[in-house]
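Note that the coordinates shown come from a computational prediction; the quantities given were computed from them, not determined experimentally. Here is the naming used below: chain letters follow the sequence lines, and residue numbers restart at 1 for every chain.
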Amino acid sequence: VSGRIPANRRAAIVGFAHSRIQRRADQTLGEITLATVRDAVADAGLELSRVDGFVSATMLPAGGGHAIEDGTSIVTPRWLAEQLGVTPRYVAGYEGGGQLVGSVALAVEALDAGAADYVVLHRALHNPPGRYHGNPMTEVGGLPQWTAPQGYFSPMPMIGLTYNEYAQRYGAPREALAAVVVEARKNGSRLPWSYWYGKPLTRAEYLDAPLVADPICRLDCDIPVDGVAAFVLTRADRAQDLPHPPVYVAGHATAIPRVHRLPLHRPLDDVMAGGFDLVRLLWERSGVVRSDIDLPQAYDGFSPLVLLWLEVLGLCPVGEAHRVVLEGGIDSDRAGAIPVLSGGGALGSGRMHGVPQMLECYLQLSRRAGERQRRANAGVACHGFPHSGGAVVYSVEPT
Amino acid sequence: MAVEEPRVARPIPVPDDLSRPYWEAAARHELVLPRCAQCGALVLPPVVPCPGCGHGDPAYDFVAVSGRGHVQSWTRLRQAFLPGFEADLPFLLVDVQLDDAPGVRMIGRLLDGPDAPLRIGAAVSVGFEDIAPKVAVPAFRLART
């Protein structure tokens, strides 16, 4: 079973809006979300009353034990529908790795099933007060008892272990991560909504940053922010009548880790094997081959993930991505380079959890990228770790 | 010998039905691993159903292992995200494949200091940190060659 949806029933993105990305907003996350969703619906040329589906993933990726409050630290699709005063036919949320990919899947399947005709997909990210990952726990039960008593807690040592395994195995220097972060910040500095707008980073500034979990420094992690993005999706047969060129969801795939591990433990071989499985599934379901993709967008919540996505997507041989980035191979201003961070990524925008990758695919393929417009017809937006996240293929054509 | 109290306590593991024998053994400075009674797989951490065979009643027993293994990766932590580790910064965390537990990897502190010479494949053996009365946490030491 291919899982493919007929072309005339394919889901398409037909509008979007993005809030300013701020370190700490002076409005609540709920207020920002309401405004952003109204803007997205208007952008799609629709009245709010036409929207009958709401999907999202709400996970707040902080480890500091913060209280979760709907409308303040997260925004569920149900809260959104209530506040907008509409009576939707379909409300659903996704939980787990690759949050944005899971949300897209919900929207796509709801549209194909006829459960909704116009779906708003939003992602709202909050930077809670206090320490983001620092946790004052004095005792620890459940799964974290297997790692926290050793001091293994928070994503910093997590990505430190995964990436040091790569760096030691293939001889990757710290300069490789510098190349990734500098590229993301260069592109992010050109995005008016980005937290890093007008603030590129130099290689020297990167290399001067103190390490937190060797060889990882703070700049290898996207910065926590308050920010909201919203997209409107509908079916191909309806998308033709709307003002902007539709961007079609050609296929999506979500990875489920195969190997049972300790909490936060993501060994390199697990990540790569799961990533190759994911990508094989993605090409099958999308009906594309790698050479069709001219706008790959690597997930970069942690800079090393860009190297791993380059390799599992087949854009370079295993163990070679660090050389590719060092040689300018992902410089989006260079002809012939692989523009995996042309949308600024999370490192160049702020912690928007897969939104920058999806947004870049939408903006470029709908020809709405302005001065940044590239020639591209098919994109892939990656989210998370390759073995536990997911990816979506977007195209300008519904086939 | 009395355990020296750290100025700020580290998080204390709270044993449950799936972990109690592990922590009781650790307090005696012994490393044991949960083994599924249905399929015989060593499983860390123990969960229901068994990740090896899917059985809903793994009835884990706990078997002693040598505690010897080889380093697959490591990171030097320079910032504490939990209480009780500040005074130890920086310290090394190692990712260890255990020699007599195929596929089982443990993560622990390396007790040889922050500048211990490490390489992929370095041999280590388990050690224990006494962090409170009758509470010890598995860690690792470089094996003498």
Side-chain angles (χ1 to χ4, degrees), chain A residues 62-65 131-171 209-218 257-271, chain B residues 8-16 18-19 22-23 26 41 43-47 50-52 71-86 88-95 97 103-110 114 118-121 129 131-132 135-140:
Chain A
R131 291 186 68 189
Y132 196 84
H133 285 305
N135 191 305
M137 66 173 75
T138 55
E139 50 182 40
V140 54
L143 286 174
Q145 74 180 290
W146 299 95
T147 41
Q150 290 87 326
Y152 187 66
F153 188 81
S154 103
M156 300 295 274
M158 173 189 82
I159 190 66
L161 286 185
T162 305
Y163 183 61
N164 200 31
E165 201 171 5
Y166 180 97
Q168 297 293 330
R169 189 181 296 181
Y170 302 119
L211 297 175
V212 175
D214 303 10
I216 302 298
C217 70
R218 194 177 303 274
R258 295 272 178 78
V259 186
H260 181 62
R261 296 293 184 192
L262 290 165
L264 298 176
H265 191 203
R266 297 167 180 196
L268 181 63
D269 289 336
D270 291 13
V271 175
Chain B
V8 179
R10 281 165 55 171
I12 302 293
V14 181
D16 52 40
L18 289 171
S19 67
Y22 178 90
W23 291 117
V43 175
L44 192 71
V47 291
C50 169
V71 171
Q72 306 300 303
S73 189
W74 69 90
T75 185
R76 189 180 288 103
L77 201 57
R78 300 169 186 270
Q79 178 182 331
F81 296 91
L82 295 171
F85 290 94
E86 203 74 39
D88 288 326
L89 294 175
F91 63 85
L92 283 163
L93 285 161
V94 287
D95 169 356
Q97 169 63 56
V104 175
R105 280 163 76 159
M106 279 182 67
I107 296 167
R109 273 156 48 83
L110 190 77
L118 272 173
R119 58 179 174 77
I120 298 287
E129 293 185 279
I131 63 167
V135 181
V137 175
F140 292 95

Show me the donor-acceptor pairs within less than 3.5 Å that the side chains of residues 143-150 of chain A make with the rest of the protein, sequence neighbours left out.
| residue | atom | partner | partner atom | Å |
| --- | --- | --- | --- | --- |
| Gln145(A) | OE1 | Ser19(B) | OG | 2.9 |
| Gln145(A) | OE1 | Trp23(B) | NE1 | 2.8 |
| Gln145(A) | NE2 | Gly142(A) | O | 3.1 |
| Gln145(A) | NE2 | Asp16(B) | OD2 | 2.9 |
| Gln150(A) | NE2 | Trp146(A) | O | 3.3 |

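- Between Phe153(A) and Pro11(B), every side-chain heavy-atom pair lies at or beyond the 4.5 Å cut-off.
- For chain B, the option among Gly160(A), Pro215(A), Gly134(A), Ser154(A) with the highest count of heavy-atom pairs below 4.5 Å is Ser154(A).
- Within the model, atoms CD1 of Ile107(B) and OH of Tyr152(A) stand 4.0 Å from one another, a figure rounded to the nearest 0.5 Å.
- Interface remark: Leu18(B) contributes backbone atoms only to the contact with chain A (heavy atom separation under 4.5 Å).
- A donor-acceptor pair is defined here as one N or O able to donate and one able to accept, closer than 3.5 Å; no such pair exists between the side chain of Asn164(A) and the backbone of Ser73(B).
- When every heavy atom of Leu77(B) is checked against every heavy atom of Gly151(A), the shortest pair comes out as CD2-O, 3.7 Å.
- Only the side chain of Pro51(B) has a heavy atom closer than 4.5 Å to any heavy atom of chain A.
- Atom OH of Tyr163(A) sits about 12.5 Å away from atom OG1 of Thr75(B), to the nearest 0.5 Å.
- Interface remark: Pro136(A) contributes backbone atoms only to the contact with chain B (heavy atom separation under 4.5 Å).
- Asp214(A) meets the salt bridge (Lys or Arg N to Asp or Glu O under 4.0 Å) test with Arg76(B), Arg78(B); sequence neighbours excluded.
- Side chains of Asn135(A) and Leu82(B) form a contact here, defined as non-hydrogen atoms less than 4.5 Å apart.
- Contacts with chain B were tallied for His133(A), Met156(A), His265(A); His265(A) has the most, counting heavy-atom pairs under 4.5 Å.
- For Arg261(A), the parts sitting under 4.5 Å from any heavy atom of chain B are the backbone and the side chain alike.
- Only the backbone of Pro15(B) has a heavy atom closer than 4.5 Å to any heavy atom of chain A.
- Proximity to chain A (any heavy atom under 4.5 Å) is restricted, for Ile120(B), to the side chain, taken from C-beta onward.
- Of all the listed residues (Arg169(A), Gln168(A), His260(A)), the one sharing the greatest number of non-hydrogen pairs under 4.5 Å with chain B is His260(A).
- Comparing Pro138(B), Pro45(B), Pro13(B), Gly108(B) by heavy-atom pairs within less than 4.5 Å of chain A, the highest count is held by Pro45(B).
- Contacts between Arg258(A) and chain B at a heavy-atom distance below 4.5 Å are absent for every atom of the residue.
- Asp269(A) CG to Arg105(B) CZ: the interatomic distance, rounded to the nearest 0.5 Å, is 7.0 Å.
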